[in-house]
*Asks:* 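I am attaching a structure below and will ask some questions about it afterwards.
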Amino acid sequence: MSYGLEIIKVLITLGAILGLFYLIIKFLQGKQGLLNQTDQIKVLERCYLNSNQTLYLIKVVDQVWLVSGTKEKLEFIKEVDLAVDSLVIEKEVGLLNLFKKGKDGFNEE
């Protein structure tokens with residue numbers, strides 16, 4: 001009996017099973033996205049304060065809300081009076097920018 005032929009059959013079967021799992025996962029991800037599509041509610045920003053507390057900036061229809069979230073509850077803090085479409089970020093403050101030389105962590109130009 002040829003072991004080479006048996007190994008090829010096993011590899012083809014393994015590839016078919018992995019391909020089937022991949023297709024099932026892609027199909028389920030697509031279905032989940034269809035259920036949660038909305039233009040009325042959108043999370044604009046998340047700020048992690050510590051391991052179990054987060055601040056959310058959420059756009060609900062035409063309003064912007066500041067919400068605090070923990071593992072136990074979500075709490076409305078206040079409505080933020082911002083024009084969401086006109087938000088412009090001039091400079092991005094990131095962890096890497098803190099190590100750059102210059103004023104306020106940015107390279108002076």
*Asks:* If I take atom CD1 from residue Ile8 and atom OG from residue Ser2, how far apart are they, to the nearest 0.5 angstrom?
*Replies:*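 These two atoms lie 7.5 Å from each other.
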
*Asks:* Atom CZ of residue position Phe76 - does it have more than 12 heavy atoms of other residues, nucleotides or ligands inside 6.0 Å?
*Replies:*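 Above 12, so yes.
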
*Asks:* First locate atom CD of Glu75, then atom CD of Gln53, and finally report the distance between them rounded to the nearest 0.5 Å.
*Replies:*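 Between Glu75 CD and Gln53 CD, I get 9.5 Å after rounding to 0.5 Å.
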
*Asks:* Would you kindly confirm whether Ile41 and Val43 end up in one hydrophobic cluster when ILVMFWY residues are joined by side chain heavy atoms under 4.5 Å apart?
*Replies:*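 Ile41 and Val43: one cluster.
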
*Asks:* Is Thr70 close to Asn52 at the side-chain level, that is, under 4.5 Å between some pair of heavy atoms?
*Replies:*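 No, every pair of side-chain atoms sits at 4.5 Å or beyond.
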
*Asks:* Same cluster or not: Val10 versus Tyr3, using hydrophobic residues (I, L, V, M, F, W, Y) connected whenever any side-chain heavy atoms lie under 4.5 Å apart?
*Replies:*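 Shared cluster, no.
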
*Asks:* Under a 4.5 Å side-chain heavy-atom rule over Ile, Leu, Val, Met, Phe, Trp and Tyr, are Phe27 and Ile24 clustered together?
*Replies:*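 Cluster IDs for Phe27 and Ile24 match.
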
*Asks:* Is any side-chain heavy atom of Ile58 closer than 4.5 Å to a side-chain heavy atom of Val64?
*Replies:*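 In short, these two side chains do not touch, never coming nearer than 4.5 Å.
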
*Asks:* Which Ile, Leu, Val, Met, Phe, Trp or Tyr residues join Leu14 in one cluster when any pair of side-chain heavy atoms under 4.5 Å counts as a link?
*Replies:*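 Noted: Leu14 shares its cluster with Leu18.
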
*Asks:* Checking side chain to side chain contact (heavy atoms under 4.5 Å, CB included) against Tyr56, which of Leu74, Leu44, Ile77 comes through?
*Replies:*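 Answer after filtering Leu74, Leu44, Ile77: Leu74.
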
*Asks:* How many angstroms lie between atom CG of Leu28 and atom CG of Leu23, to the nearest 0.5 angstrom?
*Replies:*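 Here the interatomic distance stands at 11.0 Å.
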
*Asks:* For the atom pair NZ (Lys59) and NZ (Lys42), what is the distance rounded to the nearest 0.5 Å?
*Replies:*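 Taking NZ in Lys59 and NZ in Lys42, the distance rounds to 6.5 Å.
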
*Asks:* Let me confirm one number: the CG-CD distance from Asp62 to Gln40, rounded to the nearest 0.5 Å.
*Replies:*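 Here the rounded value is 8.5 Å.
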
